Structure formats: C-alpha cells, structure tokens
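Only a predicted model underlies this, so the values are computations on that prediction, with no experimental measurement involved.
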Amino acid sequence: MNKRYKLYKDGKRLVIGTISVVGLTSFFGGLQVDASTTDQSSAVANVQLQKPDTKEQPNAQADEAPQINVNSDIATSVPANTTQTAGKSMIDDATKTVQQSGEVAKKAGIDVTQTPDEQVVLKQDNVTSETRKALASLNQQEQALKQATIIQQANQHAKAVADSQHDKASAQVESENKAADDNLDKQIASAKQAGLSVNVEIANSSPDYTSLKGLEGQALLSAMASNIEKFRQASSDGITATNADVKKLATMTAEYNQKKADFESATADRNQAIQKGKDDLTKARGALDKQTEIAKQAGISVNVEIANSSPAYTSLEGLEGQALLSAMVNNIETYSKAVSNGVQGMNADTAKLAAMTAEYNQKKADFATATTNRHQAIQKGNDELAQARGALDKQTEIAKQAGISVNVEIANSSPAYTSLEGLEGQALLSAMVNNIETYSKAVSNGVQGMNADTAKLAAMTAEYNQKKVDFTTATANRAQAIQTDSQNLSQAHDALDKQIALSKVAGLEVSLAVSQSTPDYKAIAGLTGQALLDNMTYNIDLYHKAIVNSVSTTRANIAKLASLTDEYKKAAAAYEGEKDKIDKANASKKQAYDKLVLARDNAIKAAVAEGDQHYQGTYDLNAYYGGYLNGKINYDYTYHWDVNKNNFVITNVSFHYSPEGAYHKGAGFWDTVYIQGPKYAIPNDSAKGNIQRGADLKENGNTLWDEVKSSQYGVMFYLSQNNRTGEVVVHQDNRAGVPFEATRLSNGDYELARFISRNRQGDSSVHNSEYANWIIGNKVVAHSSIPENPNVPKYEITPLYPNAPKLYIAKTIITDSPLADAPSPEKTTVTKHTPFLLPTSESPVIPKATVTMQSVDELPVATAPKKVQVSVTKHHVSVLPSAETPKNQKATMHNLVVQTVPTPTNEPIFVPVQQPTTQSVSVLPQTATSTQRYEAQQIAMAGLAVTLVGLGAVVAKRKYQNSHVI
C-alpha cells in the first residue's frame with residue numbers, strides 16, 4: 001500500500017515523502033505515529049517505536065528510538081498596545097534564539113546558510129502587526145532548524161547501526177580467513193625450509209555487492225544485510241580451497257628431502273680441489289698486483305686484463321652414483337693443470353713491469369728542470385709590463401675626469417716560439433733558452449708602446465680644458481640678455497591677460513592664440529673661441545628687437561578689447577528689459593500647470609501613504625477549463641506605489657492550490673496553467689505533431705515546466721495535470737521575478753499579473769496537425785484613481801540675448817637665442833700590450849703496459865635435485881562495502897534588524913523573510929529475507945525510525961504551510 005503526499009514550502013522546492021509499509025506491524029511489534037501543529041506558528045512531531053518482542057531472539061539487542069518533540073521557543077503573540085521599544089526587544093530576543101538554534105544545528109553537522117540581514121521598520125501605528133509578522137517569521141526559522149537537526153541525528157543513527165553490523169561481519173570473516181591462512185603459511189614455511197619453490201597466488205573474490213552509494217534509511221539497511229550474506233558465502237568457499245592446498249604441500253615436501261642427500265657427497269670432493277687451485281692462483285696474483293701498484297704510482301698506465309681458462313670438463317648433467325664420482329676425478333686433474341699454466345704467465349708479467357718503471361722515472365726529472373727555467377722568465381716579463389700599464393692607467397683616469405672619451409684596447413702579441421712538442425733531455429733545454437729570449441724582446445716592445453700613449457694623452461687633456469673656458473663665457477652673456485628683455489614682454493602679457501578676463505566677465509567670447517616667433521639667428525653650433533663670441537653678440541641684438549615689437553603689438557590689442565567690452569554691456573542692458581515682460585506672461589501659464597501636477601502628486605501621496613495593499617482572489621480552474629483541470633487557486637498580491645519608478649510595484653505574492661471534485665478524463669493531454677507578471681515573455685509551444693488524437697506525445701508536466709521555468713518567463717505558480725491519468729505536477733516560487741512593476745491600462749487601472757494557459761489546437765482527424773500553444777487567460781487588475789500626467793504648456797519665447805563679440809587675440813612668444821654647444825669631448829685610443837706566454841714543455845709520454853691476471857673456470861657443479869615448484873592459493877574476499885556518511889541537512893537563517901521611526905513615513909514596513917528549505921526523507925520497501933539474522937531486523941527497524949522522524953517533520957510542515965502564508 002503506497003501513499004504519496006505533495007508538500008509545499010517557500011514556493012521553491014517540492015518535497016515528496018513516500019511511505020511504503022509491507023507487513024511491518026507483525027515484524028517489529030507496534031508503531032505509533034502522530035504529527036500535528038499546536039497553532040499556526042509552531043509544529044510538533046511525535047514519533048514512538050515500541051520495542052519488539054525478543055523472546056525468540058535471546059541475543060538480539062533492540063534499539064528503542066526516543067520520543068521526539070519539536071517546538072519553537074519563540075512565541076508569536078503580541079499585546080495590542082505594544083510599544084516600539086517593547087516590539088524591538090521581542091524581535092531582538094527572538095533573533096538571538098534563532099542564532100542559538102543555528103549554532104546547535106551546525107554542531108550537529110547541518111549546513112546552515114546565513115542569508116543577508118533584513119530590515120523591520122516599526123512605526124507607532126504598526127508596532128503590533130509588524131512585530132507579530134517578524135516573530136512569526138523567526139518562529140518558522142527556528143522550527144525549521146530544529147527539525148533539520150532531528151533528521152540529521154536520525155540519519156546518523158541509522159548509519160551507526162549499519163556500520164556496527166558491517167564491522168561485526170567483517171571481523172568474523174577476517175578471523176576465519178586468518179585461521180585458514182595461518183595454517184597454510186605454516187606449511188609453506190616448512191616446504192621452503194626444505195628447499196621447495198612455493199608460489200603463493202592471491203585469488204580475489206568479488207561478490208556482486210549491492211551498491212550503497214547514496215542509500216539511507218531502509219534501503220541502506222536492506223542492502224547491507226544482503227551484502228553480508230554474499231560476503232560470508234564467498235569467504236567459506238575460499239577457506240575450503242585453502243585447506244586442500246595444505247594437504248598437497250605436505251606430501252611434496254617429504255619426497256624432495258630424500259633427493260638432496262645423494263647430491264651432497266659428490267659436492268664435497270669438488271670443493272677440496274677448487275680450494276687448492278684458488279690458493280696457487282691467489283699467490284701469483286698478489287705478486288703481480290704489488291708490482292702493478294708501484295708502476296701506477298710512478299705514473300705508468302697499466303692495463304690489467306683478465307685471462308680466463310676454460311678446460312674441457314666432463315659434463316655432470318644428470319649424473320648420479322659411481323658415474324658422478326668418476327667424472328669428478330677426471331675433471332679435478334684437468335683443473336689442476338690449467339692452474340699451473342696460469343701461475344707461470346703472471347710471474348713473467350711481474351718482471352717486465354719492474355724494468356719499465358725505472359726507465360720512466362728518469363724522463364720525469366728532465367721535464368722538471370725545463371719547467372723551472374720557463375717560470376722565472378715569465379715572472380720578469382710580467383713585472384716590466386705591470387709598471388708600464390700603471391703609468392698609462394693613471395694618465396687615462398686624468399683624461400676621463402676632464403671629459404675625454406678614452407678607449408682602452410688590449411694588444412696581444414704572439415712571438416714565434418720554438419715548438420717543444422715531443423722534446424726530451426738536452427733538446428728540450430736548448431729550445432726553452434731560445435723561447436725565453438724571444439719572449440723578453442716582445443715584452444720590451446710592449447712597454448715602449450704604452451709609454452708613447454701616456455705622453456699623447458697628457459697633451460690632449462690640456463687642449464680640451466681651454467675649449468671649456470670659452471664655452472662658459474659665451475653662455476653667461478646670453479643668459480644676462482634674455483633675463484632683461486623677457487621681463488618686459490612678460491609684463492605686457494600680464495596686462496593683456498587681465499583685460500581678457502574683464503571682457504569674459506562681461507560676456508565677450510575672447511580666444512587667445514599663442515604663437516612662437518623665431519628671429520633669424522646665426523648658427524653657433526660647433527663654434528669655439530672668438531667665432532663663438534661674435535655670433536652670440538649678433539643673436540642677442542636680434543632677440544632684443546623682437547621683444548620690443550611684441551610688446552607694442554600686445555598693448556594695441558589691450559586698447560581694442562576694452563572698447564568692444566563697453567559697447568557690449570550697453571546692448572545687454574536693453575535685452576534685460578524685454579525679457580522681464582515675457583517672463584511674467586509665462587509665469588501665469590506655469591501656475592495653471594502646477595495645479596494639475598499638484599492634483600496628481602496628492603493622489604500619488606495618498607497611494608504612498610496607504611502603504612502595502614493586498615489584492616486577493618480565486619481562480620476557478622473548473623469553470624475555465626470545463627472540468628478538465630479541477631480545483632481552485634487562491635492568490636494574494638502585495639503591492640504599493642513606488643515613487644522612484646512612478647508605478648505600482650508588486651513586492652510579494654502567495655498562492656494556494658486545492659483540488660476540488662472529479663475531473664473530465666481525456667486522451668492524455670497535459671492541461672497546464674501558470675501565473676506570471678504582466679511584462680514577462682510568453683513561451684512558444686506550437687510545433688505540429690506533438691499531439692495526436694488529443695494526447696501529448698513528446699511533453700509531460702515536468703518537460704513543460706523545464707520549458708517555462710527560465711527567468712525570462714517569471715513563473716510564480718505552475719500547475720499541470722494529465723487529463724487521462726490525473727497525474728499532477730505543481731511548482732511554486734513566490735519570489736520569481738519579485739519585485740516587478742504593474743502595467744497601467746487605458747482606463748487608469750493597473751494589471752498586476754496574468755494567467756497563461758496551454759490550449760490544444762488543430763484537427764485531431766488530420767495526422768500531425770495537432771499542437772498546443774500558450775494564451776493569456778484571466779488578468780489580475782487593481783483599480784486606481786491616480787490621474788495621467790498633465791501636458792506641459794507652451795511658453796512665450798524669450799528674445800535672444802545679444803550676440804557677444806568674438807575676438808581672436810594673439811600672444812607672441814619670442815624664441816630664445818640658441819645656446820652655444822659645449823665643446824665635444826675628445827676621443828682617443830690607448831693600447832695595453834700583453835705578449836702570449838711561453839709555451840710549456842710537454843710531460844714525458846706515459847708508458848703503457850698490459851699485464852694479464854689468470855683465472856681458471858671452476859669445476860662443474862654436480863646437478864642438485866631439481867627444485868619442486870608448487871603453487872598454492874590464498875583466497876581473499878573483497879572488502880564488504882561500507883555505508884556512506886549521510887549527507888548533511890541544509891537550512892537557512894537570517895537576522896532581522898529593527899529600526900524604530902518616531903514620525904510615520906510612507907516607506908515599506910516589513911521586507912518578507914525568505915523561508916528555510918523544507919527537509920525531505922524517503923523510505924524504500926523492506927527487502928530482508930527470512931534467512932537474514934536478527935541484526936538485519938534491527939537495521940530495518942532503525943531505518944523505519946529514521947523515516948517516521950522525517951515524516952513527522954514533513955507532515956507538520958505541510959500543516960503549517962496550509963495555515964500560514966506570508
């Protein structure tokens with residue numbers, strides 16, 4: 001038996017609770033469920049579970065769910081004569097209570113969203129009503145927080161029960177498997193100690209577990225019981241197979257031990273022969289290693305090779321008994337002869353390496369003598385070059401401080417040295433003497449060149465200093481002339497600026513153009529000495545004459561501007577007299593217009609003073625749809641006049657749908673109606689072929705909702721019903737598009753909202769011709785007495801003000817005489833000489849020697865018994881899935897900030913509070929079978945407890961919603 005409830009809260013979310021009851025009364029004992037509300041501001045959900053009879057299950061532990069009562073601690077009653085201070089105190093206290101419940105909910109693990117504060121304005125004439133509204137909103141917030149806390153704790157309890165059963169089953173199976181694996185490991189250790197190769201394989205068994213992802217309540221507990229049974233069966237199968245492997249491994253271990261005893265006797269003789277051969281070879285290698293180390297310390301490159309002798313041994317593969325022993329004697333004789341040959345070869349290499357070491361040491365002594373002579377010659381040349389470089393560096397720094405650009409180059413000379421490559425003894429010493437003489441001559445030439453550069457740089461520095469003195473004199477004469485003449489021109493420009501300012505105050509349009517005048521100055525770039533001084537004097541005289549002309553022109557412009565200003569002032573006085581007459585006539589017209597505007601303003605003030613208005617009504621679906629859509633929609637629109645938007649603004653809406661009576665059945669068409677603001681768009685649903693013989697083929701109540709839920713349609717309430725099955729889809733969003741403006745009609749009334757309905761069109765007898773479209777049905781219209789805006793009167797045209805004279809005045813700026821160029825810094829290059837160093841003599845060629853370390857392949861080893869290889873299997877069952885942590889419940893809360901207003905105003909009093917989201921819980925049918933143990937019953941019982949707790953909260957919410965709509 002299934003019952004479905006459709007519950008609504010806040011207009012945003014559809015909460016569906018499904019209760020499935022399949023013979024649970026006899027299984028669990030008795031159930032008592034009661035959900036009711038004490039009044040419109042509080043809800044109580046009482047849930048009781050009777051403890052089941054455990055006489056037939058002596059080991060069972062029944063959980064008894066405690067009785068749960070959910071009440072808000074916030075009272076909603078307000079005395080009639082409550083003051084603003086008392087009302088604010090009541091709201092502040094209630095807000096703190098909500099905050100405390102929010103903290104409790106957060107500690108329980110609930111995701112609590114803190115939305116922005118909302119303002120409550122308390123005026124003397126609305127304290128009681130607005131306080132009651134605010135307390136009702138806070139009461140609802142606290143109740144939702146408590147209900148969410150209860151559901152959160154109930155889900156956590158169900159999770160704990162499932163985890164307990166999971167851990168118990170896992171521990172038992174783990175213990176059984178460990179015992180079987182320990183027995184197998186003990187036999188494996190015994191086999192490996194005997195020498196068997198044991199391959200341990202892992203067989204992972206993965207039962208077809210039921211996924212626990214997203215499961216809660218009964219569905220989680222039933223799935224956990226089924227998974228435990230599969231888990232245990234898979235473990236039992238693995239243990240049986242493991243015990244069979246233990247028996248097989250014990251038999252094979254005994255057979256292998258016997259074969260090893262035969263092998264060990266032949267091996268003992270082989271080892272004795274090998275030990276003697278190793279001792280002989282080790283002695284000869286020691287003498288050769290010692291001589292090799294002496295040669296390496298002297299610098300000789302010694303290559304040590306390894307010569308490995310491989311005698312033709314008789315194969316012992318597969319031999320046993322006397323055949324194995326005879327073959328072993330023959331191989332020992334062959335091995336001893338090969339060792340003797342190796343010892344003789346290493347002794348010969350040791351004697352050869354000793355003679356080569358003595359010869360190489362003599363060559364190194366000759367090389368050291370030649371190297372010492374070279375070093376002494378280089379030291380003397382470096383000292384002479386350093387002295388000459390020091391003098392050149394000092395003069396270079398003096399020239400740079402004077403401003404001369406000095407480029408320092410490095411000249412490296414390469415004397416023709418005698419090559420020392422491959423020379424030794426007396427030949428090396430003679431060639432080194434010749435190279436030292438060549439190097440000394442190159443050093444002498446470099447010192448002479450640097451001394452010459454030092455003298456040249458000193459003369460250039462003195463000449464450049466004289467040019468700088470001439471430049472300073474010319475520059476000072478120019479600066480003195482410019483200072484005197486520029487002051488006269490500046491005074492004339494100041495007088496002109498003052499007259500321009502007076503004319504602009506009088507109303508004249510004066511434009512000032514600044515021009516640059518450049519006399520025909522003589523070029524002085526690059527000049528020095530007397531030529532620079534003569535041209536500078538000529539340029540100063542030209543500059544003075546240009547300044548005198550500019551001052552004269554500026555004074556003439558000042559006189560002209562003063563005359564035009566006086567004439568314009570007289571014309572402006574005549575204009576003012578005529579303008580006064582016209583202004584008086586226009587004032588009379590404006591007075592009449594203002595009376596009409598005042599009448600409209602008074603009507604608007606009356607509407608503003610009235611504050612929030614309600615327009616309520618009922619939309620009879622039975623009458624409009626001819627019985628195909630049954631029921632009624634009660635609506636309530638809250639609106640007020642907004643002075644900023646100059647229009648009525650709808651600030652809140654609420655709807656309540658109640659089905660009434662039977663509906664006329666049809667072929668399966670989804671009869672649909674929704675409510676929107678008057679300025680929102682209407683969707684297009686006119687594709688032909690979507691309907692056939694009156695039945696929707698491609699649409700249903702949910703897909704139609706998907707088409708219209710976009711914000712462009714502003715849907716506040718949506719109802720769709722299939723006229724064949726009676727299935728109903730309802731969506732409500734009281735905040736969609738809110739606030740929004742009304743539409744003024746031609747008769748002066750205002751349209752607040754409109755009903756849009758879905759109608760079937762086309763001919764059902766013609767294939768693919770039927771379709772549906774959206775049309776405007778009823779409109780919600782509010783009456784208004786606010787008149788239209790009056791027309792603005794036509795005023796007399798004021799005469800034109802006299803045109804102000806426009807003048808363009810030129811201000812001339814005289815370009816300063818050109819500056820003299822500073823003397824260009826001199827540039828020169830000096831060279832630092834560095835001859836390449838003497839070539840170094842080559843070290844004597846390092847001798848290379850090769851010695852051979854002898855070794856002999858060991859005697860072949862008797863074949864040991866083949867290792868027995870065996871595989872055993874450890875059976876692992878994949879981990880029993882754990883229940884997921886239940887998702888945290890979600891809730892919203894916000895604070896109300898109270899503002900008291902001593903003097904009544906026309907502002908809105910209360911901003912509606914957004915209601916918290918209703919919690920939802922669903923219960924799945926019980927699926928536990930008769931073979932499941934009593935713990936499965938306990939799991940199912942705990943799940944039912946979670947369900948009933950959630951149901952109590954949901955039913956209480958539904959009753960509260962029906963009795964209290966903001």
Side-chain angles (χ1 to χ4, degrees), residues 11 603-604 607 610-642 645-660 670-686 704-705 707-721 730-761 772-789 912 965-966:
I604 290 175
E610 191 171 355
D612 283 345
Q613 303 179 48
H614 290 271
Y615 192 90
Q616 302 172 335
T618 301
Y619 187 50
D620 191 347
L621 298 172
N622 295 322
Y624 190 81
Y625 275 90
Y628 282 99
L629 255 179
N630 61 328
K632 295 180 180 179
I633 302 173
N634 295 320
Y635 54 84
D636 183 356
Y637 292 87
T638 303
Y639 65 97
H640 68 269
W641 184 267
D642 190 313
K645 296 183 177 179
N646 197 29
N647 196 359
F648 282 108
V649 174
I650 293 83
T651 59
N652 194 24
V653 298
S654 66
F655 305 95
H656 181 264
Y657 165 66
S658 58
E660 296 182 2
W670 284 85
D671 293 306
T672 306
V673 64
Y674 72 80
I675 305 173
Q676 65 175 186
K679 296 183 179 181
Y680 284 100
I682 299 176
N684 181 20
D685 181 23
S686 60
L704 289 170
W705 166 245
E707 294 177 5
V708 303
K709 68 182 180 181
S710 172
S711 60
Q712 63 176 317
Y713 302 127
V715 177
M716 297 174 282
F717 180 86
Y718 170 91
L719 170 66
S720 183
Q721 178 175 334
V730 178
H731 292 279
Q732 181 175 345
D733 185 357
N734 293 348
R735 305 303 303 169
V738 176
F740 61 88
E741 296 185 45
T743 299
R744 182 180 177 90
L745 303 177
S746 59
N747 62 355
D749 292 339
Y750 284 83
E751 179 184 349
L752 305 182
R754 58 190 180 188
F755 292 77
I756 308 299
S757 61
R758 184 174 183 257
N759 283 18
R760 182 163 58 91
Q761 305 290 331
N773 63 354
W774 300 94
I775 63 174
I776 300 176
N778 289 357
K779 295 182 178 180
V780 180
V781 179
H783 176 69
S784 173
S785 60
I786 297 176
E788 286 281 4
N789 275 327
V965 179
I966 296 180

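Considering every non-hydrogen atom in both Met716 and Ala736, the closest pair reads CG-O, 3.5 Å. Here the closest heavy-atom approach between residue Arg758 and residue Trp670 is recorded as NH1-O, 3.0 Å. A pairwise comparison of heavy atoms in Thr651 and Pro739 identifies CA-CB, 4.4 Å as the closest pair. Taking both residues in full, the closest heavy atoms of Pro678 and Leu752 are given as CD-O, 3.3 Å, listed atom of the first, atom of the second, then distance. Across all their heavy atoms, Tyr637 and Ala753 have their closest contact at OH-CB, 3.2 Å. Minimum heavy-atom separation, Ile682 to Ile776: CD1-CG1, 3.5 Å.
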Checking side-chain contact (heavy atoms from CB on, under 4.5 Å) for the pair Thr672/Trp774: CA distance, chi angles, key distance, verdict? CA-CA 9 Å; Thr672 306; Trp774 300 94; 3.8 Å; yes
Between Leu621 and Leu719, does a side-chain contact (heavy atoms from CB on, under 4.5 Å) hold up when you go through it step by step? CA-CA 10 Å; Leu621 298 172; Leu719 170 66; 3.3 Å; yes
I would like to know whether Asn652 and Arg735 meet side-chain contact (heavy atoms from CB on, under 4.5 Å); could you show each step before the answer? CA-CA 7 Å; Asn652 194 24; Arg735 305 303 303 169; 3.4 Å; yes
Begin with the C-alpha distance, continue with both residues' side-chain angles, and end with the deciding distance and a verdict on side-chain contact (heavy atoms from CB on, under 4.5 Å) for Phe755 and Tyr635. CA-CA 11 Å; Phe755 292 77; Tyr635 54 84; 3.8 Å; yes
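Ring-plane geometry between Trp641 and Phe648 is classed as perpendicular, the angle between the planes exceeding 60 degrees on a 0 to 90 degree scale with a lower cut at 30.
We find the CD1-CD distance between Ile650 and Gln613 to be 11.0 Å, quoted to the nearest 0.5 Å. Distance check, rounded to the nearest 0.5 Å: CZ of Phe740 to NZ of Lys645 gives 11.0 Å. To the nearest 0.5 Å, atom OH of residue Tyr750 and atom NE2 of residue His783 are 11.0 Å apart. Taking CG from Asn622 and NZ from Lys632, the interatomic distance works out to 7.5 Å, rounded to the nearest 0.5 Å. Distance check, rounded to the nearest 0.5 Å: CG of Leu629 to OH of Tyr619 gives 8.5 Å. Rounded to the nearest 0.5 Å, atoms CZ (Arg744) and CG (Asn647) are 9.0 Å apart.
The closest side-chain heavy-atom distance from Ile675 to Val780 is not below 4.5 Å. Under the 4.5 Å side-chain criterion, counting only non-hydrogen atoms from C-beta, His731 is not in contact with Asp733. The closest side-chain heavy-atom distance from Asp642 to Glu741 is not below 4.5 Å. Counting heavy atoms from C-beta on, the side chains of Ile604 and Asn646 come closer than 4.5 Å. The closest side-chain heavy-atom distance from Pro683 to Tyr713 is below 4.5 Å. Taking the side chain as every heavy atom from C-beta outward, Lys709 and Val715 never approach each other to under 4.5 Å.
Side chains of Asp636 and Gln616: a donor on one and an acceptor on the other come within 3.5 Å.
Within 6.0 Å of atom NZ in Lys679, more than 12 heavy atoms from other residues, nucleotides or ligands are found, so the atom counts as buried in its surroundings.
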